[in-house]
Engineer: 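Attaching a single structure in structure tokens format; questions to follow.
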Amino acid sequence: MAKIDNILLKSKFRGCLLGSLIGDCFGAPFEGDIMTSGGKVVLQKYFDKLEGAAFKGPIKTYTDDTAMTKCVAKSLTDKPAVDFKFMARLFVKEYFSEPRRGYGKNVVDVFAKLRSNKFDDIYKPANEQFAGMGSFGNGGAMRVSPLALYFHNNYQGMISAVSNATRITHTHKNAINGAVLQSMAVQQCLKLDPADKIDAQKFVNNLIEKMRMIEVDDEGLNIDNGTPYKEKLVDIQKLLDSGNDDTEEIIRILGNDIFALHSVPTAIFCFLRAQTPIPRITTDNRFRRSIQYAISLGGDTDTIASMTGSMAGAFLGDDYINKHLLRHCEFQKGMSEMADNLFAVLEDTNFT
Ligand code: AR6
Ligand code: MG
């Protein structure tokens, strides 16, 4: 494996957070859409226009995905020892200062309870969601990229931090494991040289091996499917192998909704599939292709494109991001600074 030097790593940090931002901002207007072939033509024109140097349009605003990703990044730079109570406080402060960012319907109850119990037990409110079952939405997975960056050379540290950061709002196994899987995928992207062609099957095999240790049948009951993410990863391999580009079939197999199980694997698939040309997506740029493809599947477009974008950016680095695209996003300068700040914290500790 190629050695990733610090200049490239810094660019990958930026690429990852900017990829997450761009996916969110560009995907948000299409949220909930069912993409017809006409819709895909509109999407192609939308990207072509935004990439044009002369185009001036209203700034594309970000949603809860970015609002919460910002909190995770800030918590790591302000408290490098990682303080989950501080992270929870940032989530709540952020939500109450800008509640209209498209948060999930139920996660807002967690914020209200955290505030009223004064962060006494930061995991209790989420534990009580859905009659004690916990949320299995993708709200945990959508915000993990700063943790994957921060723990880029500390695998076990990352798994534990992602799990604790997710449990503040989402305690269902599928939400936690989905967030863990998303962080693993981003971490793998950071280690790959963008000059090399990705071996997609190997990329997924590595994730399957890692998930084997995570998805264990705790109760030993073997009554229901205890390894749902592994099954989805195998589905991704089959889809990539078959070259099947039928949108409806992909959605039927992988999903495109707000559940972590129906969106994290989809984002991984979009990122990997977009490393090679895709019918009806006209661009040579793999970063744009990844995000455009994720949006073209419809459904929870902002979150799936955001998760896909964080992988594409972590693999390619920010040099591959078209600067004209980027300038249409709210908070693009701030997000780049957050990536640099995170990198600086690690540099200060000599990446230990
Ligand atoms: N049982 C039944 N329904 C559930 C369960 C469950 N255990 N868990 C989740 N849902 P929430 P999020 C349904 O509120 O995950 C935004 O667009 C339920 O309908 O925890 O933070 C974000 O950007 C619940 O309201 O939010 C994300 O893309 C919904 O899933 C997306 O929404 C969302 O769970 C999810 O955000
Ligand atoms: Mg969303």
Engineer: Distance only, no hydrogens: is a donor on one side chain within 3.5 Å (strictly under) of an acceptor on the other, for N138 and D300?
Structural biologist: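 Judged by distance alone, the side chains do pair up.
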
Engineer: So, using ring-ring contact (aromatic ring centres under 6.0 Å, His included) as the criterion, who are the partners of Y320 when residues are at least two apart?
Structural biologist: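 For Y320 there are no ring-ring contact (aromatic ring centres under 6.0 Å, His included) partners, ignoring immediate neighbours.
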
Engineer: Walk me through it: do F91 and S75 pass the test side-chain contact (heavy atoms from CB on, under 4.5 Å)?
Structural biologist: CA-CA 10 Å; F91 289 157; S75 84; over 6 Å; no

Engineer: Linking I/L/V/M/F/W/Y whenever any side-chain heavy atoms sit under 4.5 Å apart, do L17 and I304 land together?
Structural biologist: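 Result: no, two separate clusters.
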
Engineer: Before you tell me yes or no, could you show the steps for S20 and M307 under side-chain contact (heavy atoms from CB on, under 4.5 Å), namely the whole-Å CA-CA distance, both residues' side-chain angles and the distance that decides it to 0.1 Å?
Structural biologist: CA-CA 6 Å; S20 157; M307 295 191 296; over 6 Å; no

Engineer: Ignoring hydrogens, what is the shortest heavy-atom contact between L240 and V204? Give both atom names and the distance.
Structural biologist: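 Of all heavy-atom pairs spanning L240 and V204, the closest is CD1-CG2, 4.5 Å.
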
Engineer: Would you say E94's side chain and C71's backbone share a donor-acceptor pair under 3.5 angstrom?
Structural biologist: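 A pair under 3.5 Å: no.
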
Engineer: Is it the case that D65 and T303 place a side-chain donor and acceptor less than 3.5 Å from each other?
Structural biologist: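 Looking only at side-chain atoms, T303 and D65 do form a donor-acceptor pair, the distance falling under 3.5 Å.
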
Engineer: Between F26 and F47, is the ring centre distance below 6.0 Å?
Structural biologist: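 Judged by ring-centre distance (under 6.0 Å), F26 and F47 do meet the cut-off.
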
Engineer: Please answer: with hydrophobic residues joined when any side-chain heavy atoms are less than 4.5 Å apart, are I258 and Y62 in the same cluster?
Structural biologist: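 No; Y62 is not reachable from I258 via cluster members.
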
Engineer: What do you reckon, is CG of D348 surrounded by more than 12 foreign heavy atoms closer than 6.0 Å?
Structural biologist: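 For D348, atom CG is crowded (more than 12 foreign heavy atoms under 6.0 Å).
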
Engineer: On the six-membered ring of F331, is K70 placed so that its NZ or CZ lies under 6.0 angstrom from the centre and within 45° of the ring axis?
Structural biologist: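 The answer is yes; both the distance and angle limits are met.
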
Engineer: How would you list, by chain and number, every residue that makes a ring-ring contact (aromatic ring centres under 6.0 Å, His included) with F130, sequence neighbours excluded?
Structural biologist: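 If we apply the ring-ring contact (aromatic ring centres under 6.0 Å, His included) test to F130, skipping adjacent residues, there are no hits.
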
Engineer: I'd like to know if F86 and V110 are part of one continuous hydrophobic network [Ile/Leu/Val/Met/Phe/Trp/Tyr, side-chain heavy atoms within less than 4.5 Å].
Structural biologist: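 V110 does not cluster with F86.
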
Engineer: Would you please name every residue forming a ring-ring contact (aromatic ring centres under 6.0 Å, His included) with Y46, sequence neighbours left out?
Structural biologist: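 Residues passing ring-ring contact (aromatic ring centres under 6.0 Å, His included) with Y46: F30.
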
Engineer: What verdict does the ring pair (Phe, Tyr, Trp, His ring centres under 6.0 Å) test give for Y103 and Y95, after you've listed the backbone C-alpha separation in whole Å, the side-chain angles of each residue and the deciding distance to 0.1 Å?
Structural biologist: CA-CA 9 Å; Y103 286 86; Y95 170 70; 5.0 Å; yes

Engineer: Determine the minimum heavy-atom distance between A294 and C270, stating which atoms define it.
Structural biologist: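 Taking A294 first and C270 second, the nearest heavy atoms are CA-SG, 3.7 Å.
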
Engineer: If you draw a 6.0 Å radius around CZ in R101, do more than 12 non-hydrogen atoms from other residues or ligands fall strictly inside?
Structural biologist: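 More than 12 heavy atoms, drawn from other residues, nucleotides or ligands, come within 6.0 Å of this atom.
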
Engineer: Take L181 and L233, measure what side-chain contact (heavy atoms from CB on, under 4.5 Å) needs, and give me the verdict at the end.
Structural biologist: CA-CA 10 Å; L181 176 60; L233 289 165; 4.2 Å; yes

Engineer: Checking N164 now: which residues fulfil side-chain hydrogen bond (donor to acceptor under 3.5 Å, both in side chains) with it, not counting sequence neighbours?
Structural biologist: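 By the side-chain hydrogen bond (donor to acceptor under 3.5 Å, both in side chains) rule, N164 matches R167.
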
Engineer: Work out which heavy atom in K232 is nearest to a heavy atom in L261; give both atom names and the distance.
Structural biologist: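 Distance-wise, the nearest heavy atoms are CE-O, 3.7 Å.
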
Engineer: Parallel, tilted or perpendicular: which one describes the rings of H328 and F55, with boundaries at 30° and 60°?
Structural biologist: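 Answer is tilted, since the angle falls between 30° and 60°.
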
Engineer: Under the 3.5 angstrom rule, does the side chain of S263 hit a backbone N or O of F259 as a donor-acceptor pair?
Structural biologist: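 Yes, because the side chain of S263 sits within donor-acceptor range (under 3.5 Å) of the backbone of F259.
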
Engineer: Would you tell me whether D319 and S11 have side-chain atoms, one donor and one acceptor, within less than 3.5 Å of each other?
Structural biologist: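 No, no side-chain donor-acceptor contact under 3.5 Å.
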
Engineer: Within the 3.5 Å criterion, strictly below it, is a donor on T247 or R252 matched to an acceptor on the partner's side chain?
Structural biologist: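 Side-chain D/A pair, T247 to R252: absent.
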
Engineer: Are there over 12 heavy-atom neighbours, none belonging to I59, within less than 6.0 Å of that residue's CD1?
Structural biologist: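 Yes.
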
Engineer: If only atom types and distance count, is the side chain of E215 paired as donor or acceptor with the main-chain N or O of K230 below 3.5 Å?
Structural biologist: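 Confirmed, E215 side chain pairs with K230 backbone.
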
Engineer: Has K124 got more than 12 heavy atoms of other residues, nucleotides or ligands less than 6.0 Å from its NZ?
Structural biologist: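 Check fails, neighbour count at 12 or below.
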
Engineer: Given the ring of F119, does K85 sit roughly above its face, with NZ or CZ under 6.0 Å from the centre of the six-membered ring and within 45° of the axis?
Structural biologist: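 Pair K85/F119 does not count as cation-pi.
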
Engineer: Taking E51 first and then R288, would you say they form a salt bridge - that is, a charged N and a carboxylate O separated by under 4.0 Å?
Structural biologist: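 So E51 pairs with R288 through a salt bridge.
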
Engineer: Would you call E128 and K113 a salt bridge, using N to O less than 4.0 angstrom?
Structural biologist: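 K113 and E128: salt-bridged.
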
Engineer: Can a donor-acceptor pair be found between the side chains of T77 and N341 at a distance below 3.5 Å?
Structural biologist: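 No, no side-chain donor-acceptor pair sits under 3.5 Å.
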
Engineer: If every non-hydrogen atom of M158 is compared with every non-hydrogen atom of S183, which pair is closest and at what distance?
Structural biologist: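 Distance-wise, the nearest heavy atoms are CE-OG, 3.4 Å.
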
Engineer: May I ask you to decide if the ring planes of F269 and Y293 are parallel, tilted or perpendicular, using 30° and 60° as cut-offs?
Structural biologist: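 Rings of F269 and Y293: tilted, 30 to 60°.
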
Engineer: With sequence neighbours excluded, tell me which residues meet side chain to side chain contact (heavy atoms under 4.5 Å, CB included) with K93.
Structural biologist: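 Side chain to side chain contact (heavy atoms under 4.5 Å, CB included) list for K93, sorted by chain: empty.
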
Engineer: I'd like to know if R14 pairs up with D340 as an ion pair, taking the criterion as any Lys NZ or Arg NE/NH1/NH2 lying under 4.0 Å from an Asp or Glu carboxylate oxygen.
Structural biologist: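 Counted as a salt bridge, because a side-chain N and a carboxylate O are separated by less than 4.0 Å.
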
Engineer: Below 4.0 angstrom, N of the basic side chain to O of the carboxylate: do E231 and K238 qualify?
Structural biologist: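 Salt bridge between E231 and K238, a charged N being under 4.0 Å from a carboxylate O: no.
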
Engineer: Any salt bridge linking R273 with D245? Criterion: basic side-chain nitrogen under 4.0 Å from a carboxylate oxygen.
Structural biologist: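 So R273 pairs with D245 through a salt bridge.
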
Engineer: Would you say I321 ends up clustered with L9 if hydrophobic residues are merged whenever their side chains have heavy atoms under 4.5 Å apart, either directly or through other cluster members?
Structural biologist: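 In one cluster with L9: I321, yes.
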
Engineer: For K323 and D318, which heavy atoms make the closest approach, and how far apart are they?
Structural biologist: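 For K323 versus D318, the nearest heavy atoms are NZ-O, 2.9 Å.
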
Engineer: Could you tell me whether a side-chain N or O of R143 sits under 3.5 Å from a main-chain N or O of A165, the two making a donor and an acceptor?
Structural biologist: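 Between the backbone of A165 and the side chain of R143 there is a qualifying donor-acceptor contact (under 3.5 Å).
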
Engineer: Look at the side-chain heavy atoms of Ile, Leu, Val, Met, Phe, Trp and Tyr, link any pair under 4.5 Å apart, and say whether L346 and Y155 land in one connected group.
Structural biologist: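 In one cluster with L346: Y155, yes.
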
Engineer: Looking at D24 and S306, what are the two nearest heavy atoms and their distance?
Structural biologist: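 Closest pair (atom of D24, atom of S306, distance): N-CB, 3.8 Å.
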
Engineer: Linking Ile, Leu, Val, Met, Phe, Trp and Tyr by side-chain heavy atoms under 4.5 Å, what else ends up with I7?
Structural biologist: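 So far as hydrophobic clustering goes, I7 is joined with none.
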
